[in-house]
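Inspection log for the structure reproduced underneath, given as structure tokens.
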Amino acid sequence: MSTTVSFEVPSPRGPRSVTLSYARVGRGEPLLLLHGIGHHRQAWDPVLDILATERDVIAVDLPGFGASPALPEGLPHDLATMTAALGALCEALEIERPHVAGNSLGGLLALELGREKLVRSVTALSPAGFWTQAERRYAFTLLLSMRRIARGMPLPLVRQLSRTAAGRTALTSTIYARPHRRSPEAVVAETLALAHATAFTETLRAGTAVRFTDDIPGVPVTVAWGSKDRVLIRRQGVRAKRIIPRARLIRLPGCGHVPMNDDPALVARVVLDGSR
């Protein structure tokens, strides 16, 4: 069950009101979950129940994705603004320094929150920002192609394809190594989420010059990478380890770019261990 919260974020022309949609479940220390570009908070559904047995889990639709509206005029969808918005979200929910886990764009945002000392631990699953220029161009081309296909496909065709394992593979094999495990309903919902993501273009454009280059001292960091990631190839994890030398670097065997669906038990264990 999702709900919304509104709060103010500073801008050069004064405070702007931001509204985010989120779901909250479980008990324990707070854990913020952040999805990737073009996705929605339901990307975390395969691991949500496991995490909720030990954590107070807050799964968020990032601004302009899922059920969250885009940021208002005057607030760009860049890394600094998104990080400030997530910090303000935690204040609005009265969560002081939660643990955070993020995937792809969400992983990069999780690392930024760690760098700003706004969280008590970071688990980043295939985080963006450790690419070469050629690797970034490849990933962005892939994402733009996925978006174009999602926007051009009639809903009845999406529903028809989602009913078979072969169809789900055709729709989602770029991000999942085991796409047949995704339910038809989830495949339809995430195809629509990608097609209707109002902040997709601006967020992607803002990422063109982004690279994560800072260590994060004083905050426990786990970086995990799927062995079958087709979007951000796994050697980027080795670069992340060089930049954040105290980080745990974990391989996720048989997992793709969005590993929560491919091996829920393993990913949940990595997140829980990383948020001790």
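The chain is numbered in sequence order, starting from 1. Side chains included, hydrogens not; waters and symmetry mates left out as well; all remaining heavy atoms used.
In summary, of the residues considered (Val122, Val119, Val219), a side chain to side chain contact (heavy atoms under 4.5 Å, CB included) with Leu113 occurs for Val119 alone.
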Worked check of salt bridge (Lys or Arg N to Asp or Glu O under 4.0 Å) between Arg276 and Glu29: CA-CA 9 Å; Arg276 295 291 176 204; Glu29 294 185 351; over 6 Å; no
Test log, rule salt bridge (Lys or Arg N to Asp or Glu O under 4.0 Å), inputs Arg115 and Asp214: CA-CA 8 Å; Arg115 194 173 64 84; Asp214 294 337; 3.4 Å; yes
Test side-chain contact (heavy atoms from CB on, under 4.5 Å) applied to Trp44 and Asn103, step by step: CA-CA 9 Å; Trp44 293 96; Asn103 173 225; 4.3 Å; yes
Intermediate values then yes/no, side-chain contact (heavy atoms from CB on, under 4.5 Å), Val221 and Val223: CA-CA 7 Å; Val221 175; Val223 175; 4.0 Å; yes
Derivation and outcome, side-chain hydrogen bond (donor to acceptor under 3.5 Å, both in side chains), residues Arg239 and Gln236: CA-CA 5 Å; Arg239 286 190 208 118; Gln236 294 172 39; 5.1 Å; no
Evaluation steps, side-chain hydrogen bond (donor to acceptor under 3.5 Å, both in side chains), between Thr222 and Arg248: CA-CA 5 Å; Thr222 300; Arg248 290 191 314 153; 3.1 Å; yes
Evaluation steps, side-chain hydrogen bond (donor to acceptor under 3.5 Å, both in side chains), between His257 and Asp229: CA-CA 4 Å; His257 184 59; Asp229 194 327; 2.9 Å; yes
Criterion side-chain hydrogen bond (donor to acceptor under 3.5 Å, both in side chains) on Ser227 and Arg234, from CA distance to verdict: CA-CA 6 Å; Ser227 65; Arg234 67 177 187 265; 5.6 Å; no
Step-by-step side-chain contact (heavy atoms from CB on, under 4.5 Å) determination, Leu86 to Leu62: CA-CA 9 Å; Leu86 291 169; Leu62 294 172; 4.2 Å; yes
side-chain contact (heavy atoms from CB on, under 4.5 Å) between Ser104 and Ser126, intermediate numbers included: CA-CA 5 Å; Ser104 195; Ser126 295; 5.6 Å; no
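Atom CG of residue Leu108 and atom CZ of residue Arg211 lie 12.5 Å apart, to the nearest 0.5 angstrom. Atom CD of Gln42 and atom CG of Leu48 lie 10.0 Å apart (nearest 0.5 Å). For the atom pair His99 NE2 and Ser121 OG, the distance stands at 4.5 Å (nearest 0.5 Å).
Aromatic ring pairs are classed by plane angle as parallel below 30°, tilted from 30° to 60° and perpendicular above 60°; the pair Phe140 and Trp131 is perpendicular. Taking the six-membered ring for Trp and thresholds of 30 and 60 degrees, Phe212 and Phe130 have ring planes inclined between 30 and 60 degrees apart.
In this structure, Pro156 and Arg159 have side chains that are not in contact, with every pair of non-hydrogen atoms separated by 4.5 Å or more. Val100 has its side chain out of reach of Thr123: every pair of non-hydrogen atoms, C-beta onward, lies at least 4.5 Å apart. Contact check for Glu190 versus Arg182: side-chain heavy atoms found under the 4.5 Å cut-off. Using a 4.5 Å heavy-atom threshold, the side chains of Asp56 and Leu31 count as separate. Using a 4.5 Å cut-off on side-chain heavy atoms (C-beta onward), Leu171 and Arg168 make no contact. Residues Val18 and Ser6 form no side-chain contact, since every pair of their non-hydrogen atoms from C-beta on lies 4.5 Å or further apart. In this structure, Asp78 and Met82 have side chains that are not in contact, with every pair of non-hydrogen atoms separated by 4.5 Å or more. Using a 4.5 Å heavy-atom cutoff, the side chains of Val238 and Trp225 are not in contact.
Tracing side-chain contacts under 4.5 Å through hydrophobic residues (I, L, V, M, F, W, Y), one reaches Leu144 starting from Met146; they form part of the same cluster. Following chains of ILVMFWY side-chain contacts shorter than 4.5 Å, one cannot reach Met153 starting from Phe200, and the two form parts of different hydrophobic clusters. Linking ILVMFWY residues whenever their side-chain heavy atoms come closer than 4.5 Å, directly or via other members, places Phe65 and Leu142 in the same cluster. Residue Leu20 is grouped with residue Leu33 when hydrophobic side chains (ILVMFWY) are merged at heavy-atom distances under 4.5 angstrom, including chains of intermediate members. Note: the hydrophobic cluster containing Met260 does not contain Val188 (ILVMFWY, side chain heavy atoms under 4.5 Å, direct or indirect links).
No more than 12 heavy atoms of other residues, nucleotides or ligands lie within 6.0 Å of NZ in Lys228, so this atom counts as exposed by the packing criterion.
Taking both residues in full, the closest heavy atoms of Val9 and Ala88 are given as CG2-CB, 4.2 Å, listed atom of the first, atom of the second, then distance. Taking each heavy atom of Leu266 and Pro253 in turn, the nearest pair found is CD2-CD, 3.9 Å. Considering all non-hydrogen atoms of both residues, Ser2 and Arg41 come closest at CB-NH2, 3.0 Å. Scanning all heavy atoms of the two residues, the minimum distance from Cys90 to Pro98 falls at SG-CG, 3.8 Å. Nearest heavy atom pair, residue Ala139 against residue Leu232, reads CB-CD2, 3.8 Å. Contact between Val271 and Ala101 at its shortest, heavy atoms only, is CG1-CB, 4.0 Å.
Looking at residues two or more places apart in sequence or on another chain, you find a side-chain contact (heavy atoms from CB on, under 4.5 Å) between Ala134 and Thr132, Arg137.
Side-chain N/O atoms of Arg55 and Ser275 include a donor and acceptor closer than 3.5 Å.
Cluster partners of Ile233, using a side-chain heavy-atom cutoff of under 4.5 Å among ILVMFWY residues and allowing indirect links: none.
Judged purely by atom type and a 3.5 angstrom limit, Arg27 has no side-chain atom pairing as donor or acceptor with the backbone of Val57.
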